[in-house]
Trainee: 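The following block contains the structure, expressed as structure tokens.
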Amino acid sequence: DQLRPLQILRYTDGVKWKFLEHKGPVFAPAYEPIPSHVKFYYDGKHMKLSPEAEEVATFFAKMLDHEYTTKDIFRKNFFKDWRKEMTSEERAKITDLKKCDFTEMSEYFKAQSEARKAMSKEEKQKIKEENERILQQYGFCIMDNHKERIANFRIEPPGLFRGRGDHPKMGMLKRRIRPQDIIINCSKDSKVPEPPPGTKWKEVRHDNKVTWLVSWTENIQGSIKYIMLNPSSRIKGEKDWQKYETARRLKKCVDRIRAQYREDWKSKEMRIRQRAVALYFIDKLALRAGNEKEEGETADTVGCCSLRVEHIKLYPENEGQEYVVEFDFLGKDSIRYYNRVPVEKRVFKNLQLFMENKEPDDDLFDRLNTSILNKHLQELMDGLTAKVFRTYNASITLQQQLKELTTAEENIPAKILSYNRANRAVAILCNHQRAPPKTFEKSMQNLQSKIDAKRDQLADAKRELKSAKADAKVRKDEKSKNKKKAVQRIEEQLMKLEVQATDREENKQIALGTSKLNYLDPRISVAWCKKWGIPVEKIYNKTQREKFAWAIDMAEEDYEF
DNA sequence: CCTGCAACTTAGGAGGTCACGC
DNA sequence: GCGTGACCTCCTAAGTTGCAGG
């Protein structure tokens, strides 16, 4: 039974569906020109812009409060693209971004957003109903006898591109997507979606070897964007299940693979040593594969195979430990990875060797790339790739941590703290970080004062209990019984608050969601809930329960990853 | 082998929503 | 009822992987 996901892929020859029908995408609303009293000034003088130039100007105006509109690259890219949208007269006149005054536009949009917030209940309700109507009309499709939810049926609206980190293309104009940019994918025997009146699709195709419904090419990187199904859909769920089954197969042979790469550290071939050390990092530190990236097209980030000499430092001895490697680099989304880890002597010596006679910006693994590595992994196990190690190590860590941290005596809040701590161990392993919430310090203080107040309350209650007991002398009366109950109740409340404070403090810069959604076999969590009588709702919200419906159905309390 | 493309998964942030305590 | 903050949803960028074609 557990082999089913594999069989689906193997025996159906890449066919993803037999029938697919949908209504096509929802386009971004057309540009609404701003009222004429909202003015744009160039060099102090009012200037009426053409609608095309005005629209792009509003994109900038909406971002005026963001720090990145002060960045040179952002301004340069924006200005270049904006000028392309201007009439030749505008282009002749507007030659310096510094002389552009967008403040009235910016104020106008702020006022609009305030007005939206201040809308009456009825108006808000109306908008909600309209959204619901659109969702019902466009948010679902029929795939093989099932009505399935579509993930992103709205086309991305135009605006200014803001990549993550130090992105060379920040500020560029992301253009509006029109029906003639859209490729529709559906089955031949379905009702083909209608393009908006007076327009045509770029293409309608019937490719049942892919899962997407709609695609278009985006103008910043020239990559293709897709509309696909929601994670709750059959097609995504089966794929997810299969991912965890592959990770479980790795569990069965990971010892052999580890023994192999340790052996390969001694190889006389440089490429094999490099491959073996890289694999060790991927396994031990859950690093990503690290594809090469085109310079100047994206932010300068790396993964394992693309590490450069400048990203690691070697310490023969550090704080009482031998053979310490310090990693410091920007990974996916320009999130910093910083870690100091003791490694085996052989790894350390190999790293010294790889770094010999190299410049800081040279590749650490110059004989290796992700394609070589994945080909090797494929030979070690069917379906094995670099990212399977992340899934495997994340899931096995959760399982181990849950076993270690959960104790039978704990109450439910304490058990959930244990769960969160196990989840946190995984998030730390995978380096899933978040910016500390803007209100973190304040909300922490508020919680602390609640705790203080609760402590005072407890002290009072204890005092009252004592005097009640003294009053009652010999026989235990009703009053002291009640006081005792009050003390217990307050103690419980205090404990709950303290647990909450600990949990929040430990979670300051850690994001749990990513691992929960993408790396942790949900059956581990479901089994844990069953074993300890925790309602699964305490662990997964509604969306998550929909995504993991397959696991909730499947896993019993004795499930082992 | 290398390059580029296509398809799909993984990612953090913004902003909306809703529950909870006062 | 009201304000606050935690949680959730949406958004879309940024990865990984496999494959085709030279």
Side-chain angles (χ1 to χ4, degrees), chain A residues 14 16 28 66 113 116-117 124 127-128 131 135 139 151-157 159 161-165 167 169-170 174 183 185 207 209-212 215 217-218 220-231 235-236 239-240 242-243 282 288-294 297-299 301-306 330-335 369-375 377-378 383-391 394 427 430-435 437-440 442-444 446-447 450 453 493 497 500 503-504 507 509-519 540-544:
Chain A
K16 304 285 168 55
H66 277 113
S113 131
R116 224 171 301 125
K117 274 184 213 155
K124 282 184 181 169
I127 292 174
K128 212 174 164 186
N131 280 334
L135 173 68
N152 55 326
F153 56 89
R154 287 171 199 275
I155 299 276
E156 298 170 16
F161 175 79
R162 175 64 181 114
R164 316 258 165 88
H167 198 115
K169 297 191 173 182
M170 66 170 82
K174 193 170 114 164
I183 303 175
N185 192 35
D207 181 357
K209 300 275 199 346
V210 296
T211 67
W212 55 267
S215 76
T217 302
E218 149 274 340
I220 303 291
Q221 310 286 356
S223 67
I224 306 170
K225 299 255 183 167
Y226 303 93
I227 292 181
M228 291 182 188
L229 296 194
N230 197 69
I235 205 154
K236 294 288 184 190
K239 198 76 192 296
D240 208 35
Q242 187 214 6
K243 173 179 79 185
I282 283 170
R288 296 187 184 82
N291 284 304
E292 300 105 296
K293 303 171 75 185
E294 214 172 325
E297 294 293 305
T298 59
T301 62
V302 298
C304 185
C305 294
S306 49
L330 297 182
K332 180 177 180 179
D333 293 319
S334 292
I335 297 292
N369 61 40
T370 55
S371 162
I372 296 171
L373 180 67
N374 279 334
K375 242 172 236 148
L377 293 175
Q378 191 55 240
L384 188 60
T385 63
K387 83 189 191 81
V388 178
F389 282 89
R390 250 168 104 78
T391 312
C430 294
N431 200 40
H432 291 141
Q433 297 189 25
R434 63 165 182 177
K438 286 181 190 76
T439 54
F440 185 85
K442 205 180 130 221
S443 77
M444 216 54 215
N446 289 352
L447 189 55
K450 268 193 201 169
Q493 288 169 341
L497 285 171
Q500 204 185 342
D503 206 19
R504 196 184 299 176
N507 226 25
Q509 303 197 65
I510 314 255
L512 301 185
T514 304
S515 50
K516 202 176 197 174
L517 242 40
N518 300 299
Y519 289 104
Y540 291 136
N541 68 33
K542 185 165 162 283
T543 315
Q544 294 164 340

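Each chain gets a letter, A, B and so on, in the order the sequences are listed, and its residues count up from 1. From a predicted model like this one, the values you see are computed outputs, not experimental measurements.
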Trainee: Need one value for T301(A): base, sugar-phosphate or nothing, where a base atom within 4.0 Å counts as base even if backbone is also close, heavy atoms only.
Mentor: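 Contact class for T301(A): sugar-phosphate only.
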
Trainee: Considering only heavy atoms from C-beta outward, does the side chain of C430(A) approach that of R390(A) to under 4.5 Å?
Mentor: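 Heavy-atom side-chain distance check passes, below 4.5 Å.
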
Trainee: To the nearest Å, how far apart are I224(A) CD1 and dT17(C) C1'?
Mentor: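 Answer to the nearest Å: 15 Å.
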
Trainee: Given atom CG of L229(A) and atom P of dC10(C), what is their separation to the nearest angstrom?
Mentor: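 Taking atom P of dC10(C) as the reference, CG of L229(A) is at 15 Å.
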
Trainee: Within the structure shown, what part of the strands sits under 4.0 Å from G290(A) by heavy-atom distance: base, sugar-phosphate, or nothing?
Mentor: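 Answer is sugar-phosphate: G290(A) comes under 4.0 Å of backbone atoms only.
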
Trainee: Would you kindly give the CD-to-P distance between E156(A) and dA14(C), to the nearest whole Å?
Mentor: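 Interatomic distance, CD of E156(A) to P of dA14(C): 12 Å.
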
Trainee: Testing the basics here: between S215(A) and Y226(A), what is the closest heavy-atom pair and its distance to 0.1 Å?
Mentor: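 Smallest interatomic distance, heavy atoms only, reads CB-CD2, 3.8 Å.
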
Trainee: When the distance from CD1 of I372(A) to P of dG18(C) is rounded to whole Å, what number comes out?
Mentor: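 The distance from CD1 of I372(A) to P of dG18(C) comes to 15 Å, rounded to the nearest Å.
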
Trainee: Does K375(A) place a side-chain N or O at less than 4.0 Å from the phosphate oxygens OP1/OP2 of dG18(C)?
Mentor: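 No, K375(A) has no side-chain N/O under 4.0 Å of OP1/OP2 on dG18(C).
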
Trainee: Just to be sure I understand the rule, does G303(A) reach a base, reach only the sugar-phosphate, or reach nothing, if contact means heavy atoms closer than 4.0 Å?
Mentor: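 Nothing, no nucleic acid heavy atom in range.
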
Trainee: Mind checking which nucleotides bracket the chain A contacts on DNA chain B, 5' to 3', with an atom under 4.0 Å from a heavy atom?
Mentor: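 Range of nucleotides touched by chain A: dA6(B) to dC18(B).
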
Trainee: From the options dA13(C), dT17(C), dC8(C), select the nucleotide whose nearest atom is closest to the side chain of A386(A).
Mentor: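 Closest of the options to the side chain of A386(A): dT17(C).
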
Trainee: Looking across every strand, which nucleic acid part, if any, lies under 4.0 Å from K169(A) by heavy atom: base, sugar-phosphate, or nothing?
Mentor: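 Nothing, no nucleic acid heavy atom in range.
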
Trainee: What is the nucleic acid contact for R434(A), judged by heavy atoms within less than 4.0 Å: base, sugar-phosphate only, or nothing?
Mentor: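 Counting heavy atoms under 4.0 Å across all strands, the contact made by R434(A) is with sugar-phosphate only.
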
Trainee: Identify the heavy atoms of G165(A) and S334(A) that sit nearest to each other, and give their distance.
Mentor: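 Scanning both residues, the minimum pair turns out to be CA-OG, 3.5 Å.
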
Trainee: Using atom NZ of K293(A) as one end and atom C1' of dA14(C) as the other, report the distance to the nearest whole Å.
Mentor: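 That distance rounds to 7 Å.
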
Trainee: Looking at every heavy atom in both Q221(A) and F161(A), which two are closest together, and how far apart are they?
Mentor: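 Taking every non-hydrogen atom into account, NE2-CZ, 4.4 Å.
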
Trainee: Give Y226(A) one of three labels, base, sugar-phosphate or nothing, depending on what nucleic acid heavy atoms sit under 4.0 Å from its own.
Mentor: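 Base contact.
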
Trainee: How is K243(A) classified with respect to the nucleic acid when contacts are heavy atoms under 4.0 Å: base, sugar-phosphate, or nothing?
Mentor: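 Here K243(A) touches the backbone only, sparing every base.
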
Trainee: Between atom CZ of F153(A) and atom CG of N230(A), what is the distance when rounded to the nearest 0.5 Å?
Mentor: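 Going from CZ on F153(A) over to CG on N230(A), the span is 10.5 Å.
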
Trainee: Could you tell me whether Q433(A) contacts a base, only the sugar-phosphate backbone, or nothing, with contacts defined as non-hydrogen atoms closer than 4.0 Å?
Mentor: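 Here Q433(A) touches the backbone only, sparing every base.
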
Trainee: Closest nucleotide of DNA chain C for K387(A) versus for G165(A): which of these residues is on the 5' side?
Mentor: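 With K387(A) and G165(A) compared, the 5'-side residue is G165(A).
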
Trainee: Need one value for T543(A): base, sugar-phosphate or nothing, where a base atom within 4.0 Å counts as base even if backbone is also close, heavy atoms only.
Mentor: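 Sugar-phosphate, backbone atoms only, no base.
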
Trainee: If only atom types and distance count, is the side chain of K236(A) paired as donor or acceptor with the main-chain N or O of M228(A) below 3.5 Å?
Mentor: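 Checking the backbone N and O of M228(A) against the side chain of K236(A), no donor-acceptor pair under 3.5 Å is found.
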
Trainee: Applying a 4.0 Å non-hydrogen cut-off, can you work out what L517(A) is touching in the nucleic acid: base, sugar-phosphate, or nothing?
Mentor: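 Nothing, no nucleic acid heavy atom in range.
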
Trainee: How is P231(A) classified with respect to the nucleic acid when contacts are heavy atoms under 4.0 Å: base, sugar-phosphate, or nothing?
Mentor: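 P231(A): no heavy atom of the nucleic acid under 4.0 Å.
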
Trainee: Mind checking whether L229(A) and T211(A) have side chains closer than 4.5 Å, heavy atoms only?
Mentor: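 In short, these two side chains do not touch, never coming nearer than 4.5 Å.
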
Trainee: Please report the distance, rounded to the nearest Å, between CD1 in I220(A) and P in dA13(C).
Mentor: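 The distance from CD1 of I220(A) to P of dA13(C) comes to 8 Å, rounded to the nearest Å.
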
Trainee: Respond yes when some side-chain nitrogen or oxygen of N374(A) is under 4.0 Å from OP1 or OP2 of dT17(C), and no when none is.
Mentor: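 Yes, N374(A) has a side-chain N/O under 4.0 Å of OP1/OP2 on dT17(C).
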
Trainee: With respect to the phosphate group of dG15(C), does any side-chain polar atom (N or O) of N291(A) fall under 4.0 Å of OP1 or OP2?
Mentor: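 Answer is no, no contact under 4.0 Å.
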
Trainee: Heavy-atom nearest nucleotide on DNA chain C for Q221(A) versus T370(A): which residue maps closer to 5'?
Mentor: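 Its nearest nucleotide lies further toward 5', so the answer is Q221(A).
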
Trainee: Would you indicate whether the side-chain heavy atoms of I282(A) and L373(A) approach each other to under 4.5 Å?
Mentor: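 Heavy-atom side-chain distance check passes, below 4.5 Å.
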
